[in-house]
Trainee: 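Before I ask anything, let me first share the structure, which is written out below as structure tokens.
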Amino acid sequence: MIRHFPRPLWMVALLPLLAACGTGVLADAQRQAITVLGKDLPTPYRDGLITDSVHRHGRDLVLVVRFPEATVAMAKAKPDLFAALQQDEQASMRELCAVKALGPVFAAGGGLRRRFVDADNRLFFETTLAASDCSPP
């Protein structure tokens, strides 16, 4: 006699397997994006900033943007200037939805961060872009 389990029980049993599949797709998409984006790094970003590197951090890719001429101490002396820069950078993150190399990352549920650091690798601020921010309206 074949014993049938209730559907909810099967669904619960399959959740870890489905989650692992999604992670593999995301990890592959992240590795491919890192290969494509990383081949041109470091590269000038804007206003004297430099995009130094790209790496994985959990479900996100992180673009490290360096301020070679500024320090965290300088930022503390001009908080309004750096707050305005952070707001401007956060507002511009949606433009990255159109970057072809990032499409598979967003499609797999991954996100993107831009991490702004000083010459000594100390954090100024970070901006974020979730996969859902790139979904069509």
Side-chain angles (χ1 to χ4, degrees):
M1 176 176 196
I2 298 177
R3 192 172 156 168
H4 295 280
F5 292 102
R7 282 189 184 184
L9 185 58
W10 279 109
M11 292 167 74
V12 169
L14 290 175
L15 282 176
L17 294 174
L18 292 173
C21 291
T23 302
V25 170
L26 176 57
D28 289 345
Q30 289 173 321
R31 280 191 285 275
Q32 290 173 1
I34 288 169
T35 299
V36 171
L37 298 173
K39 70 180 177 183
D40 296 325
L41 299 179
T43 190
Y45 173 53
R46 70 178 205 177
D47 300 328
L49 304 177
I50 298 167
T51 302
D52 263 354
S53 63
V54 59
H55 65 271
R56 292 174 57 197
H57 185 92
R59 297 190 63 81
D60 293 339
L61 286 182
V62 179
L63 290 167
V64 178
V65 180
R66 187 167 312 283
F67 284 78
E69 303 297 324
T71 64
V72 170
M74 294 167 101
K76 289 179 182 178
K78 297 181 180 182
D80 293 340
L81 176 67
F82 280 87
L85 177 61
Q86 182 175 5
Q87 289 174 349
D88 182 52
E89 286 296 333
Q90 184 61 53
S92 72
M93 288 294 285
R94 284 201 59 145
E95 296 169 7
L96 295 170
C97 293
V99 175
K100 187 176 179 178
L102 296 174
V105 174
F106 298 134
L112 182 73
R113 300 183 211 176
R114 273 195 182 131
R115 182 172 293 156
F116 292 83
V117 299
D118 71 5
D120 297 320
N121 210 34
R122 287 178 292 193
L123 181 67
F124 283 112
F125 60 86
E126 212 171 69
T127 57
T128 60
L129 182 67
S132 60
D133 295 333
C134 293
S135 300

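Along the sequence shown, residues are numbered consecutively beginning with 1. These figures come from a predicted structure and were not determined experimentally.
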Trainee: Tell me, with the steps shown, if Q90 and T128 meet side-chain contact (heavy atoms from CB on, under 4.5 Å).
Mentor: CA-CA 7 Å; Q90 184 61 53; T128 60; 4.1 Å; yes

Trainee: With heavy-atom distances below 4.5 Å as the criterion, would you say the side chains of L112 and F106 are in contact?
Mentor: yes

Trainee: More than 12 heavy atoms of other residues, nucleotides or ligands under 6.0 Å from NE2 of H57: is that the case?
Mentor: no

Trainee: Please say yes or no: joined through hydrophobic side-chain contacts below 4.5 Å, possibly via intermediate residues, are M74 and L85 part of one cluster?
Mentor: no

Trainee: Give a yes or no on whether L123 and V54 share a hydrophobic cluster (residues Ile, Leu, Val, Met, Phe, Trp, Tyr; joining criterion: side-chain heavy atoms under 4.5 Å apart).
Mentor: no

Trainee: Quick one: does any side-chain atom of Q86 pair with a main-chain N or O of T127 as donor and acceptor, under 3.5 Å?
Mentor: no

Trainee: Would you say F124 and V65 make side-chain contact, with heavy atoms under 4.5 Å?
Mentor: no

Trainee: Say whether, by atom type as modelled, one donor and one acceptor occur between the side chain of D52 and the main chain of V64 under 3.5 angstrom.
Mentor: no

Trainee: Is it possible for you to say whether L129 and F125 belong to one hydrophobic cluster, with membership spreading through side-chain heavy-atom contacts below 4.5 Å?
Mentor: no

Trainee: With side-chain contact (heavy atoms from CB on, under 4.5 Å) as the criterion, how do V72 and D120 come out once you've worked through the C-alpha distance, each side chain's angles and the decisive distance to 0.1 Å?
Mentor: CA-CA 9 Å; V72 170; D120 297 320; over 6 Å; no

Trainee: Using modelled atom types and a 3.5 Å cut-off, is there a donor and acceptor pairing between side-chain atoms of Q30 and backbone atoms of G58?
Mentor: yes

Trainee: So, taking the atom named OG in S53 and the one named CD1 in I34, what distance separates them when rounded to the nearest 0.5 Å?
Mentor: 9.5 Å

Trainee: Looking at R56 and L61, would you say the former's side chain and the latter's main chain have a donor-acceptor pair under 3.5 Å?
Mentor: no

Trainee: Considering non-hydrogen atoms only, spot the tightest contact between P68 and A119 and give its length.
Mentor: O-CB, 3.9 Å

Trainee: Give, for atom CG of D80 and atom NZ of K78, the distance between the pair rounded to the nearest 0.5 Å.
Mentor: 11.5 Å

Trainee: Could you pull out the closest heavy-atom pair between A101 and A33, with the gap in Å?
Mentor: O-CB, 3.5 Å

Trainee: Looking only at heavy atoms, which two atoms of N121 and V117 are closest? And how far apart?
Mentor: OD1-CG2, 3.6 Å

Trainee: Please examine the side chains of V105 and L26, heavy atoms only from C-beta on, and report whether any two atoms are closer than 4.5 Å.
Mentor: yes

Trainee: Of the non-hydrogen atoms in T51 and Y45, which two are nearest, and what is the gap between them?
Mentor: OG1-CB, 3.5 Å

Trainee: Membership question, hydrophobic clusters at under 4.5 Å side-chain separation (ILVMFWY): are V99 and V62 in the same one?
Mentor: no

Trainee: In Å, rounded to the nearest 0.5 Å, how long is the span from CG of D88 to CG of D47?
Mentor: 9.0 Å

Trainee: Determine which pairs satisfy salt bridge (Lys or Arg N to Asp or Glu O under 4.0 Å) with at least one residue from residues 107-116, sequence neighbours left out, and list them in order.
Mentor: D60-R113, E89-R114, R113-E126, R115-E126

Trainee: For R31, enumerate each residue passing the salt bridge (Lys or Arg N to Asp or Glu O under 4.0 Å) test, keeping only those at least two apart in sequence or located in another chain.
Mentor: D28

Trainee: For A108 and V25, work out which heavy atoms get closest and say how close.
Mentor: CB-CG1, 3.9 Å

Trainee: Of all the heavy-atom pairs spanning P42 and I50, show the shortest one and how long it is.
Mentor: CB-CG2, 3.9 Å

